[in-house]
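Presented below is the structure to which this report refers.
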Amino acid sequence: MTYRAPKGTYDVLPPESATWVEAERVFLDLAERYGYGLVLTPVFEATELFSRGVGEDTEVVEKQMYTFTDKGGRSLTLRPEATASIVRSLIQAGGVVGTFKGCSWGPMFRYERPQKGRNRQFLQADIEYIGEAAPGADVEVIEFGYRYLQELRVPNVEVRLNSIGDAGDRSAYRTELIAYLESRRDELSDDALRRMYDNPLRVLDSKADSAVVADAPTPTEHLSDEAAEHFAAVRNGLEEADIPYRIAPTLVRGLDYYNRTVWEYVPLDFDAAQSSVGGGGRYDPLFERLGGKPTPAVGLAMGLDRILLARKQSESLPSLDAFVILAAPERRADATGLVRRLRGAGLRIDAVTGDRSVKAQFKAADRAGAANALVVGEEWDEGGVTARDLATGEQRTVALEEIETWLRR
RNA sequence: GUGGCCGUAGCUCAGCCUGGUAGAGCGCCUGGUUGUGGUCCAGGAGGUCGCGGGUUCGAACCCCGUCGGCCACCCCA
């Protein structure tokens with residue numbers, strides 16, 4: 001073994017890649033139905049965009065960024081998430097008038113130790129609902145992610161929901177939380193002790209400190225009237241939309257730009273430490289952080305790698321409508337002509353290009369997952385081919401002009 | 001960054017404890033079927049046992065080192 005994919009990356013090859021194609025199609029189709037237009041941004045950006053946007057002392061910025069200097073001396077970073085880039089692109093385009101609904105799809109990069117459902121390059125699908133402060137926007141975005149998982153047949157998904165309030169609510173809460181953590185400091189882990197002053201909310205997430213966290217004051221108990229009202233409206237909307245959710249009082253998210261509503265999707269049967277397959281939140285402060293006009297927004301990110309791991313194994317459907325088999329070498333041009341004609345008619349057709357025995361060609365047809373085989377041989381002189389249904393083994397002669405309808409039978 | 005487990009055929013793994021000629025299943029190739037796959041039967045190909053060093057008459061097996069993979073902590077999609 002000479003070369004391998006770099007640590008934390010992997011290759012996707014057929015036939016497994018078919019599920020990736022499906023995941024992308026379903027996402028883009030759903031986005032279209034909900035009115036989200038595609039946004040494409042570079043995979044690398046100025047490093048400062050992420051340190052400003054995501055937050056200087058978040059885990060992601062502190063130690064997970066792929067940062068490099070280009071030949072012009074610029075500090076660039078492979079994007080660790082999508083939202084900062086999308087917001088930057090909108091500010092660059094002159095800001096948002098009214099509302100803007102965008103979706104995006106592509107690889108993200110974080111330098112971490114790989115484990116199940118966690119890689120250094122991973123594929124993420126995002127939607128962003130920008131310019132709308134009303135709780136209905138939160139509900140729509142949460143619903144979108146939930147429906148996406150349903151359409152991909154991910155079983156038993158739970159929505160975990162919380163509100164972390166606005167900046168003002170959080171600073172009051174923060175002081176109280178620090179006081180509480182100090183009162184039980186001898187029970188805390190080293191990590192928690194290190195974090196409790198610069199990022200106390202993060203301690204709520206710590207598995208090692210779950211005993212202390214269980215009695216900790218929660219963000220939801222410290223919401224302003226407006227934030228509490230917003231949260232209540234979001235919950236109401238979810239109930240009306242028939243989306244099951246659970247309040248998760250200790251759910252906080254690791255990116256600094258979030259406020260108010262935050263949530264995650266957890267498939268309960270997914271056996272992995274990294275069990276959240278998607279998440280999102282409201283990020284009203286982000287436009288200003290990045291130098292734009294104040295603009296309310298909500299968005300979500302779905303982790304495709306994890307979704308495909310959590311998914312029910314779908315049985316493989318035939319991936320070709322027919323395989324054309326050449327039984328008489330002098331008919332080669334007729335056979336390739338037939339292949340070309342059927343492909344042109346929108347059918348999925350393949351054939352062996354070189355000289356192989358009929359037996360080998362049938363084998364190739366089977367391996368390719370073809371539903372039917374069309375044999376081009378002496379019967380061509382009578383204006384037909386031998387057509388075989390590879391699943392049942394039934395076989396008959398079909399006239400050339402009937403082939404298309406026979407394949408679509 | 002820290003910890004645990006694992007590297008043997010294309011794939012999944014047994015063999016290692018107790019050193020003595022390299023194994024299984026699946027896959028692949030050929031034939032049974034001179035124009036028929038998938039099923040069945042018969043035969044066959046394929047491995048410097050991750051890499052380097054040490055111990056030994058002899059190392060896949062014991063010891064040291066190194067690289068890689070997986071899982072967990074942490075963090076998040």
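On a predicted model such as this, the values are computed, not experimentally measured, just so you know. Labels below follow one simple rule: chain letters A, B, ... track the order of the sequence lines, proteins then strands, and each chain is numbered from 1.
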Tell me which of A:Pro114 and A:Tyr111 sits closer to the 5' end of RNA chain B, going by the nucleotide each one is nearest to.
A:Tyr111
First encountered from the 5' end of RNA chain B, between A:Thr392 and A:Tyr258
A:Thr392
[M] and [N], which share atom name [atom1], separated by this distance in whole Å:
N     : M     : atom1 : answer
B:G58 : B:G4  : C1'   : 34 Å
B:C61 : B:U8  : C1'   : 11 Å
B:A24 : B:A14 : C1'   : 7 Å
B:C28 : B:G20 : P     : 34 Å
B:G19 : B:G69 : C1'   : 28 Å
B:C11 : B:G47 : C1'   : 14 Å
B:C16 : B:G23 : C1'   : 14 Å
B:U66 : B:A22 : C1'   : 26 Å

Starting at atom [atom1] of [X], determine the distance to atom [atom2] of [N], rounded to an integer number of angstrom.
X        : N     : atom1 : atom2 : result
A:Met302 : B:C76 : CE    : C1'   : 14 Å
A:Gln395 : B:U36 : CD    : P     : 10 Å
A:Arg356 : B:U36 : CZ    : C1'   : 14 Å
A:Phe109 : B:C76 : CZ    : C1'   : 17 Å
A:Gln361 : B:G37 : CD    : C1'   : 11 Å
A:Phe122 : B:C76 : CZ    : P     : 12 Å
A:Lys63  : B:G1  : NZ    : P     : 10 Å
A:Leu390 : B:G38 : CG    : C1'   : 8 Å

Taking the basic N atoms (NZ, or NE/NH1/NH2) and the acidic carboxylate oxygens, is any pair closer than 4.0 Å for A:Arg311 and A:Glu22?
yes
Is a salt bridge present between A:Asp389 and A:Arg409, judged by a nitrogen-to-oxygen distance below 4.0 Å?
yes
Within the 4.5 Å heavy-atom criterion, are A:Val43 and A:Phe109 side-chain neighbours or not?
yes
Considering only heavy atoms from C-beta outward, does the side chain of A:Phe100 approach that of A:Leu90 to under 4.5 Å?
yes
Classify the nucleic acid contact of [X] as base, sugar-phosphate or nothing, counting any heavy atom under 4.0 Å across all strands shown.
X        : value
A:Glu379 : base
A:Gln115 : base
A:Ala365 : nothing
A:Leu255 : sugar-phosphate
A:Asn372 : nothing
A:Arg118 : base
A:Thr386 : base

So which nucleotide from [options] ends up closest to the side chain of [X]?
X        : options             : answer
A:Val375 : B:G37, B:A77, B:G35 : B:G35
A:Glu59  : B:C71, B:G35, B:C75 : B:C75
A:Arg110 : B:G38, B:C76, B:C75 : B:C76
A:Arg367 : B:C28, B:G38, B:A77 : B:C28

Under 4.0 Å between a side-chain N/O of [X] and OP1 or OP2 of [N], yes or no?
X        : N     : answer
A:Lys7   : B:G68 : no
A:Arg253 : B:A77 : yes
A:Lys116 : B:C70 : no

Mind checking who [N] pairs with, Watson-Crick or G-U wobble, both distances under 3.5 Å?
N     : value
B:A60 : none
B:U2  : B:A72
B:G23 : B:C13
B:G43 : B:C29
B:G65 : B:C51
B:G38 : none

Is the gap between the ring centers of A:Tyr265 and A:Tyr146 under 6.0 Å?
no
Is there a donor-acceptor pair under 3.5 Å between the side chain of [X] and the backbone N or O of [Y]?
X        : Y        : value
A:Tyr173 : A:Pro217 : yes
A:Asp126 : A:Thr83  : no
A:Ser319 : A:Ala368 : yes
A:Arg79  : A:Pro107 : yes

Strictly below 4.0 Å, heavy-atom distances to any atom of RNA chain B: list the hits from residues 263-284 of chain A, or just say none.
A:Ala272, A:Ala273, A:Gln274, A:Ser276, A:Val277, A:Gly278, A:Gly279
So does [X] reach the base of [N] with its side chain, donor to acceptor, closer than 3.5 Å?
X        : N     : answer
A:Arg202 : B:C74 : no
A:Arg388 : B:G35 : no
A:Asp366 : B:G38 : no

Report yes or no: is the cationic atom of A:Arg235 (NZ for Lys, CZ for Arg) closer than 6.0 Å to the six-membered ring centre of A:Phe231, at no more than 45° off its axis?
yes
Which residues pass the side chain to side chain donor-acceptor pair (under 3.5 Å) test with A:Arg246, sequence neighbours left out?
none
